[in-house]
Amino acid sequence: MTERSNRCIEEYRTQTRRTAAPDFAAKCLDRLGLADRYLAIESAIGPVYVAWNPVGVSAVRQASDSEAFERWFRKRFARRALPATGEAPIVESVRRALAGESVPELAIDLRDCTPFEADVLRKAREIGRGHARPYAWLAREINRPRAVRAVGSALANNPVPLLIPCHRVVRSDYSSGEYVFGSDVKRKLLEREGLDLPAITDLVRHGYHYLGQPDDGCFCLPTCGNVIHDEHLVRFHSVDEAIAQGLEPCTTCRPMAA
DNA sequence: TGGGTGACGACGC
DNA sequence: AGCGTCGCCACCC
């Protein structure tokens, strides 16, 4: 083997590994119309970069510029995202969702997630605007009542924050808990959605974990968006107490284990 | 492969 | 009240 051929082989390996192969792969995917494309879109927390592919939205992230977003995307997903050229049909749905509208038909690409993570994220997606649920509640709902901590990790991994509203999952004492964009942003988002978290933490500090509305005969978690905070509101320390008053568990916030 | 690592929660001060 | 500790469980080298 000559020194020259050794140099060639080394160069080939370097190029292939570091640049040529990923570019080539990206070009092929693009030809097939399968590449991830991205665009900056306005949201409640300012512009965010949103990426999508034929399966659905693959990523939502804040970034200082498109280069930073591309770097993050490549590191996270081990593939490239290309700037969008035209306006894809999915973008209009994303705009509506980021404007606060519920868009349940919006496709989201969760192929990169583990089955457990996908379960967590699908459940989180069911939490409507104006509602919030504890991490422990989410763990219980997906039949993994002891995986509370793992639920937190799965939400921390949410590839599409805001679209899957992981900011609506809070601690059991109704303090906000952590968030990709910071816990103060999380609190601000919840406040903007009409939730008075400070008032609720106060309520819970005094031992009132459930709220009931005798008029419609059911009791709720204090962060259930269906609760009307008026003079009819009754406070309960426990599920048993609410049931003793003849109230049924709310079918939206499901305040007790099935 | 097994031990380290978290967007948690209960409990003890 | 707010902190430290420990158990928990999925995931990652």
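Residue numbers begin at 1 in each chain, while the letters A, B, ... track the order of the sequences.
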Would you indicate what A/F116 reaches in the nucleic acid, counting non-hydrogen atoms under 4.0 angstrom: base, sugar-phosphate, or nothing?
sugar-phosphate
Assign A/V169 to base, sugar-phosphate, or nothing according to its heavy-atom contacts below 4.0 angstrom with the strands shown.
nothing
Whether A/R111 and A/D109 form a salt bridge (side-chain N of Lys/Arg under 4.0 Å from carboxylate O of Asp/Glu) is what I want to check.
yes
Interface limits on DNA chain C, where chain A has a heavy atom under 4.0 Å of a nucleotide atom:
C/dA1 to C/dC11
On DNA chain B, reading 5' to 3', which nucleotide is the first and which the last to sit with an atom under 4.0 Å from a heavy atom of chain A, could you check?
B/dG6 to B/dG9
Do A/Y38 and A/F73 make the cut of ring centroids closer than 6.0 angstrom?
no
Could you tell me whether A/E105 and A/R96 have a side-chain N and a carboxylate O separated by less than 4.0 Å?
yes
Whether A/W137 side chain and A/R254 backbone form a donor-acceptor pair below 3.5 Å:
yes
If you pin A/N157 and A/R205 to their nearest nucleotides in DNA chain C, which one's is more 5'?
A/R205
Do NZ/NE/NH1/NH2 and the carboxylate oxygens of A/E193 and A/R168 come within less than 4.0 Å?
yes
So, are A/D184 and A/R187 salt-bridged, with charged N and O less than 4.0 Å apart?
no
With a 4.0 Å cut-off, would you call A/D36 and A/R80 a salt bridge?
no
Side-chain ion pair, A/E126 and A/K123, N-O less than 4.0 Å
yes
So what's the dot-bracket for DNA chain B: Watson-Crick or G-U pairs under 3.5 Å, [ ] if a pair crosses, | if it pairs off-strand?
.|||||.||||||
Answer yes or no for A/R235 and A/Y208: cation-pi contact, defined as NZ/CZ to six-membered ring centre under 6.0 Å and angle to ring axis within 45°.
yes
Would you mind classifying the nucleic acid contact of A/S172 as base, sugar-phosphate or nothing, using non-hydrogen atoms under 4.0 angstrom?
sugar-phosphate
A/Y179 and A/F181 aromatic ring geometry - parallel, tilted or perpendicular at 30°/60° bounds
perpendicular
